[in-house]
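Here's the structure we're looking at; comments come further down.
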Amino acid sequence: MRKKADVVVIGGGSIGCSVAYNLAKKGFKNIVLLERKYLSSGSTGRCGAGIRQMWGTEMNCLISRGSAEIFKTLGEETGFGDVEFRQSGYLLTTYDPSQTERLRKNLAVQHKLGINSHMITPKEAKEIVPYVNTEGMDAAFFCQEDGHINPFKVTFAFAKGAQDLGVEISRYNSVTDIKYKDRKITSIVTEEGEILTDAVVNAAGAWCKEIGKMIGLSHPVEPERHQILITEPLEDMMGPLVMSFAHDSYIQQVPHGGFIMGYGNPDEPKKINFNHDWSFLEQMAKKAVFQLPVLKDVRFVRQWAGHYEISPDGQPILGSVPEMDNYFMALGCGKGFMLSPMIGKLIAEKMAGEATSLPIDSLSIERFAKGELIVETGVV
Ligand SMILES: Cc1cc2nc3c(=O)[nH]c(=O)nc-3n(C[C@H](O)[C@H](O)[C@H](O)COP(=O)(O)OP(=O)(O)OC[C@H]3O[C@@H](n4cnc5c(N)ncnc54)[C@H](O)[C@@H]3O)c2cc1C
């Protein structure tokens, strides 16, 4: 490992790799990315990998829309090859008029920003996803440009792009401490030794708080376990991801034929926990069979757990912090995978002192102290 870097990026998930790639593209030299396990071993490699633009806040819509554009050419641009981006749509279903009204309001935000989403009837939903159960369904919302992409390939594509531009990626190398003087980080202590650095990016996702503590800061981001499972592969029968706010769940058929599915448990304790349990399997099966009765006799083949990095308002935390001059945060906050291309781009612009492509000042960590939260309610 190099002993001196211009920038150290902590975390080898989709966001850290995107940040490193975008910094190198912008002309930053001598970048080192530190990952304590393998690339994508954190939340990225465990996620549902849904790509959605139908959000309720302008910033989430804009960042996800920009990211979807980048996903289209990422494989080619980095020379990695196909990253399996399929824009097969998202179908959001509602089961009571208040949910419908909330999502209908979100449509206005999306349309203002040019996102091609629609409110449709249950009958129209069935035309798009013939296997969906419309019993009790109040309405549905559809965006064809949403979809799915392979999270491992995305991370490896960013990493390849970064390495080709000279970034050093140091795997199985944990950050154990950070040294700083006054308002400046001076070096990062790792399992493989110390590295002097001019700047640091915290892209440690659900572990970002631990990194913050090393410089005496308390980041308001908590890890929340989310479980997920995949079925045996079936014939190609469903393009869009089906997300129900009544069931707090999502179900999607991925390219190899398996149905991937998960739901959020509001009572989940906020801590790192990689265990997965029987009760999730039971509840998920009930939710899935209600929404897609065709899945009744399908076998599950694998279940696992990962973490959302939960911020108090469900929006990313991006940019510098008031207490330190050379420390930047790059956190997606529960949907970081789909936002990772733009987060990398925006952080690189910010660190280069340029005007950012999107106005990200409202996403600075300072918003929590100032009470300037704009809450995203549509996180499942
Ligand atoms: C079940 C589930 C489903 C999800 N579904 C979706 C979805 O459909 N769409 C979506 O966009 N998002 C989804 N998410 C959320 C998404 O996975 C995360 O928001 C995203 O992957 C965060 O990316 P990241 O790069 O910030 O974090 P990570 O991928 O977690 O990367 C952070 C890395 O930092 C490393 N690290 C931590 N501490 C240290 C240290 N001290 N030293 C060195 N390295 C360190 C970790 O090992 C880790 O690899 C889902 C998450 C889960 C768990």
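By convention here, the first residue in the shown sequence is residue 1. Atoms within each ligand, like the ligands themselves, are counted from 1 in listed order.
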Checklist entry - Do Thr121 and Glu124 pass the side chain to side chain donor-acceptor pair (under 3.5 Å) test, and can you show the C-alpha distance, the side-chain angles, and the key distance before you say yes or no? => result CA-CA 5 Å; Thr121 62; Glu124 288 165 324; 3.3 Å; yes
Item to check | ligand 1 contact by Ala206, heavy-atom criterion under 4.0 angstrom | outcome: no
Checklist entry - What protein heavy atom sits nearest atom 26 (O) of ligand 1, and how far off is it? => result Ile15 CD1, 3.5 Å
Checklist entry - Does Phe85 have Lys72 sitting over its ring (NZ/CZ under 6.0 Å from centre, angle to axis within 45°)? => result no
Item to check | Aromatic ring pairing His247/Phe290, orientation class (parallel under 30°, perpendicular over 60°, tilted between) | outcome: tilted
Item to check | Ligand-side contact atoms (ligand 1) for residue partner Ile211, heavy atom cut-off under 4.0 Å | outcome: 41 (N)
Next on the checklist: Can you classify the ring geometry of His307 versus Phe274 as parallel (below 30°), tilted (30 to 60°) or perpendicular (above 60°)?
Outcome noted: perpendicular
Checklist entry - What do we get for Arg46 next to ligand 1 when only non-hydrogen atoms under 4.0 Å count, side chain, backbone, both or neither? => result backbone
Checklist entry - Under 4.0 Å from any heavy atom of His307, which atoms of ligand 1 are there? => result 53 (C)
Item to check | For atom 21 (O) of ligand 1, closest protein heavy-atom neighbour | outcome: Thr44 OG1, 3.0 Å
Checklist outcome for this item: Between Ser244 and Gln291, the two heavy atoms sitting closest are CB-OE1, 3.2 Å
Checklist entry - Which ligand 1 atoms are under 4.0 Å away from a heavy-atom of Ala203? => result 32 (C)
Next on the checklist: Once you restrict to heavy atoms under 4.0 Å, what part of Thr190 touches ligand 1? Side chain, backbone, both or neither.
Outcome noted: neither
Item to check | Backbone of Phe259 reached by a side-chain donor or acceptor of Gln252 within 3.5 Å | outcome: no
Next on the checklist: Looking at non-hydrogen atoms alone, which of Ile51, Val175, Leu39, Leu331 comes nearest to atom 40 (C) of ligand 1?
Outcome noted: Val175
Item to check | Residue Glu232 excluded, over 12 heavy atoms near CD under 6.0 Å | outcome: yes
Checklist entry - Do Arg102's NZ or CZ and the ring of Phe245 fall within the cation-pi criteria of under 6.0 Å and 45°? => result yes
Next on the checklist: Under 4.0 Å, heavy-atom basis, I'd like to know which part of Ala49 is in contact with ligand 1: side chain, backbone, both or neither.
Outcome noted: backbone
Next on the checklist: Just to confirm my output: which protein heavy-atom neighbour is closest to atom 14 (N) of ligand 1, and how far is it?
Outcome noted: Cys47 CB, 3.5 Å
Next on the checklist: When you compare ligand 1 with Gly50, is there at least one nitrogen or oxygen pair between them that comes in under 3.5 angstrom?
Outcome noted: yes
Checklist entry - Counting distance only, does the side-chain N/O of Lys184 pair as donor-acceptor with the main-chain N or O of Asp325 below 3.5 Å? => result no
Checklist outcome for this item: of all protein heavy atoms, closest to atom 20 (C) of ligand 1 is Phe337 N, 3.5 Å
Checklist entry - What is the ring orientation for Tyr21 with Phe158, classed by angle as parallel under 30°, tilted 30 to 60°, or perpendicular over 60°? => result tilted
Next on the checklist: For the 3.5 Å polar cut-off, considering only N or O atoms, please tell me whether Glu210 and ligand 1 meet it.
Outcome noted: no
Checklist entry - When only distance counts, is Asn173 in polar contact with ligand 1, meaning an N/O pair under 3.5 Å? => result no
Checklist entry - Can you name the closest pair of heavy atoms from Val83 and Ile149 and give their distance? => result O-CG1, 3.1 Å
Item to check | Sub-3.5 Å N/O-N/O distance, Gly48 and ligand 1 | outcome: yes
Checklist entry - Between Lys270 and Glu224, is there a salt bridge with N-O shorter than 4.0 Å? => result yes
Checklist entry - In the protein, which heavy atom is nearest to atom 35 (C) of ligand 1, and how far is it? => result Glu35 OE1, 3.2 Å
Next on the checklist: What protein heavy atom lies closest to atom 12 (N) of ligand 1? Include the residue and the distance to one decimal.
Outcome noted: Lys335 CA, 3.6 Å
Item to check | ligand 1 to Ile228 polar contact by distance, N or O atoms, under 3.5 Å | outcome: no
Item to check | Contacting atoms of ligand 1, where contact means under 4.0 angstrom from a heavy atom of Tyr250 | outcome: 1 (C), 3 (C)
Checklist entry - Any sub-3.5 Å donor-acceptor pair from Arg52's side-chain atoms to Met54's backbone N or O? => result yes
Item to check | Per-atom contacts, ligand 1 versus Gly11 - under 4.0 Å to a heavy atom | outcome: 33 (C), 34 (O), 35 (C)
Checklist entry - Between Phe141 and Tyr90, does a ring pair (Phe, Tyr, Trp, His ring centres under 6.0 Å) hold up when you go through it step by step? => result CA-CA 8 Å; Phe141 296 81; Tyr90 254 52; over 10 Å; no
Next on the checklist: Within ligand 1, which atoms have a heavy atom of Tyr308 less than 4.0 Å away?
Outcome noted: 2 (C), 3 (C), 4 (C), 14 (N), 50 (C), 51 (C), 52 (C)
Checklist entry - Which one holds for Trp207 and ligand 1: side chain close, backbone close, both close, or neither close, with close meaning a heavy atom under 4.0 Å? => result side chain
Next on the checklist: Please determine whether a side-chain nitrogen of the Lys or Arg among Asp313 and Arg367 lies less than 4.0 Å from a carboxylate oxygen of the Asp or Glu.
Outcome noted: yes
Item to check | From Ser43, Pro316, Ser41 - option closest to atom 30 (O) of ligand 1 by heavy atom | outcome: Ser43
Next on the checklist: For ligand 1, which is the ligand I care about here, please tell me if His226 has any N or O atom under 3.5 Å from one of the ligand's N or O atoms.
Outcome noted: no
Checklist entry - In terms of residue, atom name and distance, what is the protein heavy atom nearest to atom 44 (N) of ligand 1? => result Arg36 N, 3.1 Å
Next on the checklist: So if I count the atoms of ligand 1 from 1 in the order they appear, which ones are less than 4.0 Å from some heavy atom of Gly12?
Outcome noted: 33 (C)
Checklist entry - Looking at atom 22 (C) of ligand 1, what's its closest protein heavy atom, distance included? => result Glu309 OE2, 3.3 Å
Checklist entry - Which of the atoms of ligand 1 are close to Met338, meaning less than 4.0 Å from one of its heavy atoms? => result 9 (N), 10 (C), 11 (O)
Item to check | Sole residue of Leu92, Val129, Leu91 in side chain to side chain contact (heavy atoms under 4.5 Å, CB included) with Phe142 | outcome: Leu91
Next on the checklist: I'd like to know if the side chain of Ser67 and the backbone of Met342 have a donor-acceptor N/O pair within less than 3.5 Å.
Outcome noted: yes
